[in-house]
Protein chains: 2
Amino acid sequence: MEHSFGKECALGLVEREVVEFFVRMANVLNLPRSVGEIYGVLFVSSKPLCLDDCRALLGISKGSTSQGLRILRSFGAIRTVYVPGDRKDYHIAETSLRKIVSGFAKEQIQPHVVSGKERVQRIRELLEDHKVDNPDDMREKIDMLENWQKRANSVLPLVLKLIGK
Amino acid sequence: MEHSFGKECALGLVEREVVEFFVRMANVLNLPRSVGEIYGVLFVSSKPLCLDDCRALLGISKGSTSQGLRILRSFGAIRTVYVPGDRKDYHIAETSLRKIVSGFAKEQIQPHVVSGKERVQRIRELLEDHKVDNPDDMREKIDMLENWQKRANSVLPLVLKLIGK
DNA sequence: CAGTTTGTTCAGTATATTTTGAACACTATG
DNA sequence: CATAGTGTTCAAAATATACTGAACAAACTG
């Protein structure tokens, strides 16, 4: 007999623990808790689940579930599968670590990198026609920023290579 | 003549832009905005700054500044330097990307990785004496989690190697 | 087409995080 | 040892973020 901790929910003890694992993951990656929960419940399930399955198993709202699924889809952490004879969309967890990492990087990190690049460019321009305390020193620092960005950019491809399939 | 945007502050236009760059960085890394601001102002300054310098330049509170400096110190993003004949602590930005990344990883990421490892172990144990829908499938999934962790662990050393000094 | 089922959107609410500022501890200094 | 200078802590306030649920849109169904 399994005690329930906190709110009732339809998941077994082991399943709950797996979901919690992904909640922590989400936390580290700066994603909403519900996104972790949803990926977790899909990961742990041996069959595809529809929106309402996820919602019911986790005891969260339809809105959160819909948005969570959208986010997960946006970086390829889940796939939507077609089930003949059912109008609902069914979802399964993508289990290729490489795909997930690469999707996450492309969708969630890359935009920041790009805007960072623009920002440094902008600083360079400002530096042309604005007084600063120590122009040479400042120029050196902007160079350093640009160098950091270059190196940061080179990391992802390597990580993907290393992390394999 | 420089217009001021929003609140008055003691930084020039270029300096403000550099600080904003690091605020975005902080954002991506899931650190408080003030931590980004403080690193930024130290990075851009050509001389060491004390707590009250940072506070005054950024227009933030003493408490935030103290905590921000502590966090930055905790992963080696800044160093505290001794200035003879002055009771105050002075701080400078560490500019070795490698040191910063490595410190950040060790202090902010590693603990999560460790607790993740424990969590997977715990799930394995639970799996021993709790019923689940499909034990074989579940075991396979826990194996996958463990495999992911191994691969994730191998990333940092490589990133450090790649990112150079 | 009227009624159902499914999924999305978004304004309002709830929650979590960050910041503030006043109280405190510590040390130096006269 | 009283006072001033420096940095820390933490409870309360401010802010940012995520979640809810009702209203909606779209697509099927009889």
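Note that the structure is a prediction, hence the values are computed from the model and not measured.
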Roughly, in whole Å, what's the span from CD in B/Glu37 to C1' in C/dT19?
-> 11 Å
Readout for nucleotides 1-14 of chain C: B = base within 4.0 Å of protein heavy atom, S = sugar-phosphate only, - = neither; 5' to 3' it is ----BSBBBB----
Would you say A/Arg79's side chain and A/Glu94's backbone share a donor-acceptor pair under 3.5 angstrom?
-> no
Test item: A/Arg151 side-chain N/O and B/Ile163 main-chain N/O as donor-acceptor pair under 3.5 Å | yes
For the atom pair NZ (B/Lys141) and CD (A/Glu15), what is the distance rounded to the nearest 0.5 Å?
-> 10.0 Å
Round to a whole Å and report the spacing from CD1 of B/Ile60 to C1' of D/dT15.
-> 15 Å
Is there a donor-acceptor pair under 3.5 Å between the side chain of B/Tyr39 and the backbone N or O of B/Gly68?
-> no
Of A/Asn27 and B/Ser61, the one whose closest nucleotide on DNA chain C sits nearer the 5' end is A/Asn27
For the pair made of CG in B/Leu72 and P in C/dT18, what is the distance, rounded to whole Å?
-> 14 Å
Under 3.5 Å, side chain of A/Gln149 to main-chain N/O of A/Gly116, donor-acceptor pair present?
-> yes
Please state whether the rings of A/Phe104 and A/Phe75 are parallel, tilted or perpendicular, taking 30° and 60° as the class boundaries.
-> perpendicular
B/Ile71 CD1 to C/dT18 P: how many Å, rounded?
-> 8 Å
To the nearest angstrom, how far is A/Leu31 atom CG from D/dA16 atom C1'?
-> 16 Å
Round to a whole Å and report the spacing from CG of B/Asn30 to P of C/dA16.
-> 15 Å
In whole Å, what is the span from the CZ atom of A/Arg33 to the P atom of D/dA16?
-> 23 Å
Within the pair B/Ser34 and C/dT19, is there a side-chain N or O less than 4.0 Å away from OP1 or OP2?
-> yes
